[in-house]
Amino acid sequence: MEDLRVMNDGDIPFDVLSRLPTKTLVEMRSVSKGWHELISDRSFVQAQFQKTGLTLSGFIFQEKYQKCLDDIKTFSYMPVNADSKVQKMVLGFLPEDVVILASCNGLVCCRSCFPTHRPTIIYVCNPLFEKWVSFEVAQLDRFSNIALAFDPILDPVNTSTNFRIVRIQQLENEQEELHYSFKIYSSKTGTWKESNEVCYSKGNLLKNKGIYAKGILHWLTDTDQILAFDTEKELSLLISSPIPVLEFFINVPGTCIGESMGLLHFIMICEDGIIVWYLEDYFETKWMLKHSKRLQVIEEENPRMFFKLHKSMQQKLVAGMDPLMDPLAFKDEVLLMRVYSTIYFYHTETGKVMEVCNVASLGPNPYVDPSAIPYSLSLVPLNVSLSHFDSNSNINPSEN
């Protein structure tokens with residue numbers, strides 16, 4: 001067992017173990033000290049990620065109050081494992097209650113709750129190992145948009161765990177033109193920088209903010225466009241959605257974006273059914289149809305779940321009414337959606353539906369612009385390159 005400590009990618013045990021899923025490896029860490037050190041080694045973590053990738057574990061769902069500016073401090077975790085139940089949770093290993101902001105390749109980004117009498121604190125953590133790093137950020141409110149960018153392939157973790165936080169703000173210039181600006185925090189330097197990039201758009205950011213795919217963050221807007229920002233090159237781009245969602249439909253369809261197999265996906269639910277595209281080419285805005293299933297078929301296959309669903313979707317909705325079907329989040333071919341007052345998983349590879357829970361069990365405000373983000377178990381250690389920025393320690397870089 002002790003020899004495991006000095007193994008590398010050329011050894012058979014190393015190669016075999018690095019092909020196992022994260023959940024299995026976490027359990028195997030307790031076999032011996034040698035196994036624990038091997039599975040915790042950065043070279044092993046890098047190899048395991050390259051060979052197996054990350055598997056979706058579930059979705060984190062957190063509500064917002066409709067009129068109160070205080071934050072709701074608890075959230076719900078919805079495992080994709082059919083044998084597991086929805087859990088009410090808090091990240092108890094953090095020094096305070098938090099609001100979930102984003103997730104990326106096993107890391108979760110969150111902030112301290114409002115109201116607060118001190119500067120807001122951003123946390124980046126790996127819930128699997130209960131490790132975190134944190135830093136203060138000035139002038140942050142509950143409506144601020146924060147995204148997390150972390151890729152163990154583009155920025156290998158065999159030397160350190162480096163991530164970026166992107167804060168996107170919609171501003172107005174002297175000509176009253178609306179535009180987005182970007183501030184970037186790098187864990188390499190422990191500092192913020194103002195990007196020179198500016199993106200002119202009148203669109204408001206919707207749900208699924210900051211979806212990360214291949215070095216690019218994406219935000220869904222209400223103008224049939226998706227805002228993309230390359231975190232390395234600091235360049236932005238407006239991408240047209242695969243179909244004008246405000247036209248050609250009796251009712252405005254529900255939409256969301258997500259990532260699967262490294263590609264950006266666009267999901268739409270309308271009276272015609274559930275339709276999924278993926279983005280094949282950014283500069284030509286080339287979308288490819290990936291999945292489509294009619295509501296009549298879904299209803300016929302699941303009559304107890306979706307009684308008269310198609311007929312209800314075809315009827316004109318009252319203005320301001322919550323949509324009957326609302327796609328909340330998408331990751332790795334799993335769509336988290338609300339139908340009537342129930343949450344479901346919809347698997348696009350099989351077309352199968354699984355009931356998750358009733359929205360009433362999630363809390364008092366499950367309809368009010370909730371946050372829903374995917375989460376995957378990850379072995380990535382959360383200690384970064386700077387000596388003053390070790391896990392479980394606070395730092396206070398100034399935001400320029």
Side-chain angles (χ1 to χ4, degrees), residues 49-50 52-60 80 100-109 124 145-157 161-168 180 182 184 186 195 197 199 203 205-221 224-242 255-268 275-291 327-336 348-349 371-378 380:
F49 187 92
Q50 290 175 332
T52 66
L54 293 181
T55 302
L56 176 68
S57 303
F59 292 88
I60 301 173
V80 294
I100 302 297
L101 299 175
S103 65
C104 191
N105 287 320
L107 299 185
V108 175
C109 178
V124 176
N145 286 297
I146 298 289
L148 173 64
F150 167 64
D151 192 331
I153 299 299
L154 296 179
D155 198 358
V157 298
T161 301
N162 299 313
F163 59 83
R164 292 181 178 89
I165 299 289
V166 176
R167 180 179 182 181
I168 179 172
Y180 285 104
F182 307 89
I184 305 169
S186 169
S195 174
E197 182 69 0
C199 181
L205 303 185
L206 299 178
K207 58 190 172 185
N208 315 114
K209 304 176 182 73
I211 300 299
Y212 184 78
K214 290 187 175 179
I216 299 174
L217 287 167
H218 307 82
W219 292 265
L220 182 63
T221 76
D224 291 335
Q225 290 182 317
I226 297 166
L227 171 59
F229 180 71
D230 188 314
T231 59
E232 184 68 32
K233 299 176 182 178
E234 297 185 25
L235 296 174
S236 63
L237 178 70
L238 288 172
I239 304 168
S240 299
S241 63
T255 59
C256 77
I257 57 175
E259 178 271 333
S260 181
M261 300 184 70
L263 299 174
L264 179 70
H265 285 60
F266 184 93
I267 299 89
M268 181 174 73
I275 309 170
V276 181
W277 294 265
Y278 67 89
L279 185 60
E280 186 176 69
D281 188 283
Y282 279 82
F283 298 103
E284 295 183 2
T285 316
K286 185 178 181 181
W287 293 93
M288 300 296 292
L289 180 64
K290 184 174 188 176
H291 174 84
L328 301 174
F330 178 83
K331 171 72 174 173
D332 294 346
E333 311 305 322
V334 180
L335 172 65
L336 180 71
T348 58
E349 286 183 323
S371 296
I373 64 172
Y375 171 66
S376 302
L377 296 176
S378 171
V380 169

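Note that the structure is a prediction, hence the values are computed from the model and not measured.
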Start with the C-alpha distance between Ser186 and Asn162, add both sets of side-chain angles, then the distance that settles side chain to side chain contact (heavy atoms under 4.5 Å, CB included), and finish with yes or no. CA-CA 8 Å; Ser186 169; Asn162 299 313; over 6 Å; no
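- Residues Ser57 and Ser376 share a closest heavy-atom pair of OG-CA, 3.5 Å.
- Looking only at distances, a side-chain donor or acceptor of Trp287 sits under 3.5 Å from a matching main-chain atom of Ser240.
- To the nearest 0.5 Å, atom OG1 of residue Thr55 and atom CG of residue Leu377 are 9.0 Å apart.
- Using a 4.5 Å cut-off on side-chain heavy atoms (C-beta onward), Phe330 and Leu336 make no contact.
- Here the side chains of Ile275 and Leu289 are in contact, with some heavy-atom distance below 4.5 Å.
- Listed by chain and number, the residues in a side-chain contact (heavy atoms from CB on, under 4.5 Å) with Ile153 are Gln46, Phe49, Gln50, Asp151 (sequence neighbours excluded).
- Residues Phe59 and Leu328 are not in side-chain contact: their nearest non-hydrogen atoms beyond the backbone lie 4.5 Å or more apart.
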Is there a side chain to side chain contact (heavy atoms under 4.5 Å, CB included) between Ile168 and Trp219 once you walk through the steps? CA-CA 10 Å; Ile168 179 172; Trp219 292 265; 3.7 Å; yes
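- To the nearest 0.5 Å, atom OG of residue Ser236 and atom CG of residue Asp230 are 10.0 Å apart.
- With sequence neighbours left out, the side-chain contact (heavy atoms from CB on, under 4.5 Å) criterion links Cys104 to Leu148, Phe150, Tyr212.
- Looking at every heavy atom in both residues, Leu335 comes nearest to Cys256 through CD1-SG, 4.0 Å.
- Glu349 pairs by the salt bridge (Lys or Arg N to Asp or Glu O under 4.0 Å) definition with nothing, not counting sequence neighbours.
- Minimum interatomic distance between Ala213 and Gly262 (heavy atoms only, all atoms of both residues): CB-O, 3.7 Å.
- Atom CD of Gln225 sits about 9.5 Å away from atom OG1 of Thr285, to the nearest 0.5 Å.
- Within a 6.0 Å sphere centred on CD of Glu232, other residues, nucleotides and ligands contribute 12 heavy atoms or fewer.
- Looking at Lys331, Lys290, Glu259, His291 one by one, the single match for side-chain hydrogen bond (donor to acceptor under 3.5 Å, both in side chains) with His265 turns out to be Lys290.
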Walk me through it: do His218 and Leu227 pass the test side chain to side chain contact (heavy atoms under 4.5 Å, CB included)? CA-CA 6 Å; His218 307 82; Leu227 171 59; over 6 Å; no
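- Between Cys199 and Leu238, some side-chain heavy-atom pair lies under the 4.5 Å cut-off.
- Applying the side-chain contact (heavy atoms from CB on, under 4.5 Å) rule to Ile373 yields the partners Ile60, Ile100, Ser103; only residues at least two apart in sequence or on another chain are considered.
- Here CE of Met268 is found 9.0 Å from OG1 of Thr255. Values are rounded to the nearest 0.5 Å.
- Not a single donor-acceptor pair under 3.5 Å links the side chain of Thr221 to the backbone N or O of Leu205.
- Here the side chains of Ile211 and Leu217 are not in contact, with every heavy-atom distance at 4.5 Å or above.
- Minimum heavy-atom separation, Ala147 to Ala102: CA-CB, 4.3 Å.
- Thr52 meets the side chain to side chain donor-acceptor pair (under 3.5 Å) test with Gln48; sequence neighbours excluded.
- Interatomic distance, CG of Asp332 versus OG1 of Thr348, reported as 9.5 Å (0.5 Å rounding).
- When side chains are defined from C-beta on, Ile165 counts as touching Cys109, because their heavy atoms get closer than 4.5 Å.
- Take Phe229 and apply the ring-ring contact (aromatic ring centres under 6.0 Å, His included) test, not counting sequence neighbours, and it matches Phe182.
- With Tyr180 contributing its side chain and Gly203 its backbone, the two residues share a donor-acceptor pair below 3.5 Å.
- At least one side-chain heavy atom of Leu264 sits under 4.5 Å from a side-chain heavy atom of Ile257.
- Here Ile226 contributes atom CD1 and Leu279 contributes atom CG; the two are 7.5 Å apart, rounded to the nearest 0.5 Å.
- Checked against side chain to side chain donor-acceptor pair (under 3.5 Å), Ser260 has the following partners two or more places apart in sequence or in another chain: Glu333.
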Using side chain to side chain contact (heavy atoms under 4.5 Å, CB included), reason through Phe283 and Ile239 one step at a time and then give a plain yes or no. CA-CA 8 Å; Phe283 298 103; Ile239 304 168; over 6 Å; no
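- Taking the side chain as every heavy atom from C-beta outward, Tyr375 and Leu56 never approach each other to under 4.5 Å.
- Applying the side-chain contact (heavy atoms from CB on, under 4.5 Å) criterion to Glu280, with sequence neighbours excluded, gives Tyr278, Lys286, Met288.
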